[in-house]
Amino acid sequence: MKRIRQTSVVGALVLALIAGASVQAALSDERVVREILVEQSPEETVVRVVADGAIRYAVSEHQGPHRLLLELADATLVGPAGSISVDNGQVGDILSVSMDDEGRRSSRVALELAEGARFQVSSHEGTVEIRIAGEPTDRLMAQAAPAEAMASDAAPAASSGPAANEVGNVAYQHDGHVDRIKVTLPEGATYLSLPWTDNRATLLIENAVLPAELQRQLDTAKFKGTVRAVSSFVDPQGRVRIVADLVGAGSELIRMSGRDLIWEFTPARVEESSPEQAQLPPPITSAKGEATLPTSVSDNPYQRRPRMNRKRITIDLRDADIHNILRLIADEGNVNIVTNQLVAGSVTLRLRSVPLDEALAIILRSNGLGWEQQGNIIRVAPMTVFEAESKARIDAYVQSQGLEPLQVRLIAVNYAEASKLGEILGGLLSARGKVKVDDRKNALVVTDVLANLDTAEALVRQLDTQTPQILIEARIVESNDQFKRDLGIQWGGDFLADPSIGNATGLLFPSTVGIAGGASSGDTPTGGGSSTPNYAINLPAPAGPGSGGAVGFTFGSLSGAFNLNLRLSAAESQGSVKIVSAPRITTLDNEEATITSGVSIPVSVVSAAGAQTVFFDASLTLTVTPRVTPDGNIIVEVNVNKNEPDFENTGSRGDPSIIRREATTKLLIRDGDTTVIGGIFQRNTGSSNVRIPFLGALPLIGPLFRNASHTDVRNELLVFLTPRIVNRDLSIDRDGNTPDILPPRE
């Protein structure tokens, strides 16, 4: 028997890597695959995968080409990673690779088999053995691996369970895109997978008994997966059969986990996408990184994003054939790869935890290759081939443009200006194309080939839509609150010592003494008191007609020698004013509009030329320029003025001053919303005391010698703005977006 042995020995460096990998595997329960042995004979080929301990594995088979995949869980290839060429009529090439999927390491061994080859898989003490025979019999025959070889976590069957040779359970599970049938096998049972017939897969189990309660049919159609029904029964030969009715094409995978046989079915095409995938660069690029494909009106298949499984892979290969690498990526990515006859060469690479699509792009770029994808097929060829094909398509298109007869089309324009649209269409036509404008009908006369005429008309239909019409309403709210309070006091009197009234001083001098208040004047308010009040404290509040109130007291002696006059006055005023101004105007999108209301005040101006009359405007003005955004919101440039004359503050010639209120801003508002674009709040408060020095500050009696006043004035100005699109249904689409320039091509 001929024996082939492949190991990797690169001196001390490789030994150190193996030792480090062994230590890491021991610490993390990972196994190390040290070698792959191949033994050949005319009857069969034996492939042995040797690890440093019991290893978990799964076997699956793929058609076109016929390939057997051996999945090794928690295992790392230290020595044998690469390619082994056997090519003996039973086995072609053997590829082996390690993978790292988000920190979980695994390995895969792929064997190319002849069509109809029969193989058997078994394991013992860390060695997985695959025997391949050349006779075209049943596809897959495997013996349930012993528990120590599978390193399974499944608990052993209890002594009170079913008989030793009975099938323990037949269950179905739907998980995403995978349909899983789980069969618990007894010790010593063997299973055989038969070829599919009429979308029906059959699993034959020997050396086992199916209990009566498990002879049934499970209806799984409601899960809408690949498996419609699962039937378990005993055939006339006494063997247990598990039959899965399938929907369409797909692939199957059979693996063992302890005593459980797991039968998995996957649809023929499961596309996995990722947000990162949309950000990948175009697959076909030049050496300078620039796109090699032209921009044309035809669909460009090269610009489609690749659709591949993005699970991460770790590859460490030296001088590996590019075709074997592409076959490996095709298996992992669940895609089909077709290579051009000019694709050749070897690849040396070391990639760790790299997504499959990125690994494919790196490998192709490093060998000057490009790719295109159609459906689930990726075509790989040198860059020069794609560039030549692109140039040929361009030449053919240009030639067809020059030979195709010209046609004339009249395109009517409803809302836009035909002259402006004609300038836009000029860049879309061929060298023989022409655009003329009929101003009378506001129409375009376009001459070109048919394809360009359709494109030009589609563009005009998208651009010739109603312009959004916006109603802008502003509200200017003014609020003025005033409060004023005055408290005043007047008191005084007179005293006279005179012999005529029997009140003599008894002195020669002064024989007569008189005392009277001297703070009175002709303008002093005396209502409520005597005609000669003789006020000594004259601090009244502004009481009079329409303002405040006062009360007077007069006290005098019988002889009139002593008189006392007292007058109390108080005034309080409170007022509130609210003014609302609401100008509104309607305008087209991106067009300025103004509305004004007010008066013009004439003012005489004297100059060297003589007296002239100049008018100054005191008006309410609203000036807006709205612009509708693509998502239906509105950007508004607004200027609001409210000026009014103030006749309380006038100039030397009696001309009134002008109170100005103005707001200028630019903001974004949602259609129909109301926002405050600005406001001004003013408050003036004041208190004053007029009093007699020293006496007015005395406690208790101090108010008899002072006047107190208090004022509080509040002014508030707010400006509101509300824009509304009047013709929203005709100018904005249902989703609140303006139409695209051109519809996407089918």
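What's counted below: heavy atoms across the whole structure, side chains too, no hydrogens, waters or symmetry copies.
For the pair V446/L453, a side-chain contact is recorded, criterion being any heavy-atom separation below 4.5 Å from C-beta on. Proximity of L459 to I424: side-chain heavy atoms (C-beta onward) are separated by under 4.5 Å at one or more points. Contact check for L622 versus T594: no side-chain heavy atoms found under the 4.5 Å cut-off. For the pair S576/N480, no side-chain contact is recorded, criterion being any heavy-atom separation below 4.5 Å from C-beta on. By the 4.5 Å heavy-atom criterion applied to side chains, V638 and L721 are counted as neighbours. In this structure, the side chains of I476 and V640 come closer than 4.5 Å at one or more pairs of heavy atoms. Using a 4.5 Å heavy-atom cutoff, the side chains of R485 and S573 are not in contact. Looking at T512 and L496, their side chains come closer than 4.5 Å, going by heavy atoms from C-beta outward.
In this model, a donor atom of one side chain and an acceptor atom of the other lie less than 3.5 Å apart for T629 and D631. D498 and S500 share a side-chain donor-acceptor pair at under 3.5 Å. Side-chain atoms of Q482 and D712 form no donor-acceptor pair, as typed in the model, at a separation below 3.5 Å. Counting only N and O atoms by type, the side chains of D454 and N452 include no donor and acceptor under 3.5 Å apart. Side-chain contact annotation: S709 with S688, donor-acceptor N/O pair under 3.5 Å present.
Looking at every heavy atom in both residues, I634 comes nearest to P723 through CD1-CB, 3.7 Å. Contact between A418 and N442 at its shortest, heavy atoms only, is N-OD1, 3.0 Å. The two atoms that bring A456 and I411 nearest to each other are C-CD1, 4.4 Å, heavy atoms only. Contact detail for G527 and R567: the closest heavy-atom pair is O-NE, 2.9 Å. For D671 against R724, the heavy-atom pair with the smallest separation is OD1-CA, 3.2 Å. For I601 against P656, the heavy-atom pair with the smallest separation is CG2-CG, 4.1 Å.
Interatomic distance, CD of Q490 versus CZ of F553, reported as 13.0 Å (0.5 Å rounding). In this structure, OG1 in T674 is found 8.5 Å from CD1 in I669, a value given to the nearest 0.5 Å. Atom CG of L428 is separated from atom OG1 of T455 by 7.5 Å, given to the nearest 0.5 angstrom. Separation of atoms CG (L444) and NZ (K436) is listed at 13.0 Å; rounding is to 0.5 Å. In this structure, CD on Q466 lies 12.5 Å from CG on D589, to the nearest 0.5 angstrom. In this structure, CG on L695 lies 7.0 Å from CD1 on I537, to the nearest 0.5 angstrom.
Between the side chain of T505 and the backbone N or O of P510 there is at least one donor-acceptor pair closer than 3.5 Å. Not one N or O on the side chain of N707 forms a donor-acceptor pair closer than 3.5 Å with the backbone of V690. Looking only at distances, no side-chain donor or acceptor of S479 sits under 3.5 Å from a matching main-chain atom of K578. Without hydrogens or angle criteria, S569 side chain to A541 main chain gives a donor-acceptor distance under 3.5 Å. For S557 (side chain) and F562 (main-chain N/O), a donor-acceptor pair under 3.5 Å exists by modelled atom type.
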Task: Worked check of side chain to side chain contact (heavy atoms under 4.5 Å, CB included) between N715 and F681 - done: CA-CA 6 Å; N715 294 316; F681 177 77; over 6 Å; no
- [ ] Walk me through it: do E637 and R627 pass the test salt bridge (charged side-chain N to carboxylate O under 4.0 Å, His left out)?
- [x] CA-CA 9 Å; E637 296 182 18; R627 181 167 64 86; over 6 Å; no
TODO: I would like to know whether Q469 and N727 meet side-chain hydrogen bond (donor to acceptor under 3.5 Å, both in side chains); could you show each step before the answer?
DONE: CA-CA 6 Å; Q469 189 166 284; N727 57 341; 5.7 Å; no
- [ ] Carefully, step by step, assess L704 and I489 under the rule side chain to side chain contact (heavy atoms under 4.5 Å, CB included).
- [x] CA-CA 7 Å; L704 297 176; I489 187 170; 3.5 Å; yes
Open item on the list: Using salt bridge (charged side-chain N to carboxylate O under 4.0 Å, His left out), reason through D448 and K434 one step at a time and then give a plain yes or no.
Closed with: CA-CA 7 Å; D448 207 341; K434 297 179 182 179; over 6 Å; no
- [ ] Decide yes or no on side chain to side chain contact (heavy atoms under 4.5 Å, CB included) for V413 and L421, but give the supporting numbers first.
- [x] CA-CA 9 Å; V413 181; L421 291 181; 3.8 Å; yes
Task: Candidate pair N563 and F555, rule side chain to side chain contact (heavy atoms under 4.5 Å, CB included), full reasoning - done: CA-CA 6 Å; N563 296 303; F555 305 94; over 6 Å; no
TODO: Starting from the C-alpha separation in whole Å, work towards a yes-or-no answer on salt bridge (charged side-chain N to carboxylate O under 4.0 Å, His left out) for E473 and R475.
DONE: CA-CA 7 Å; E473 181 179 359; R475 284 184 177 86; 2.9 Å; yes
Task: Evaluation steps, side-chain hydrogen bond (donor to acceptor under 3.5 Å, both in side chains), between T532 and N534 - done: CA-CA 6 Å; T532 56; N534 296 324; 4.5 Å; no
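Ionic pairing of E572 and K484 is not present here: no N-O contact between side-chain nitrogen and carboxylate oxygen is shorter than 4.0 angstrom. A salt bridge links R661 to E478: at least one charged side-chain nitrogen sits closer than 4.0 Å to a carboxylate oxygen. Between E644 and K642 there is a salt bridge, since at least one side-chain N of the basic residue sits less than 4.0 Å from a carboxylate O of the acidic one.
Aromatic ring centres of F705 and W491 lie closer together than 6.0 Å.
With P468 as reference, V628 is the one residue of V628, L588, N590 to meet the side-chain contact (heavy atoms from CB on, under 4.5 Å) rule.
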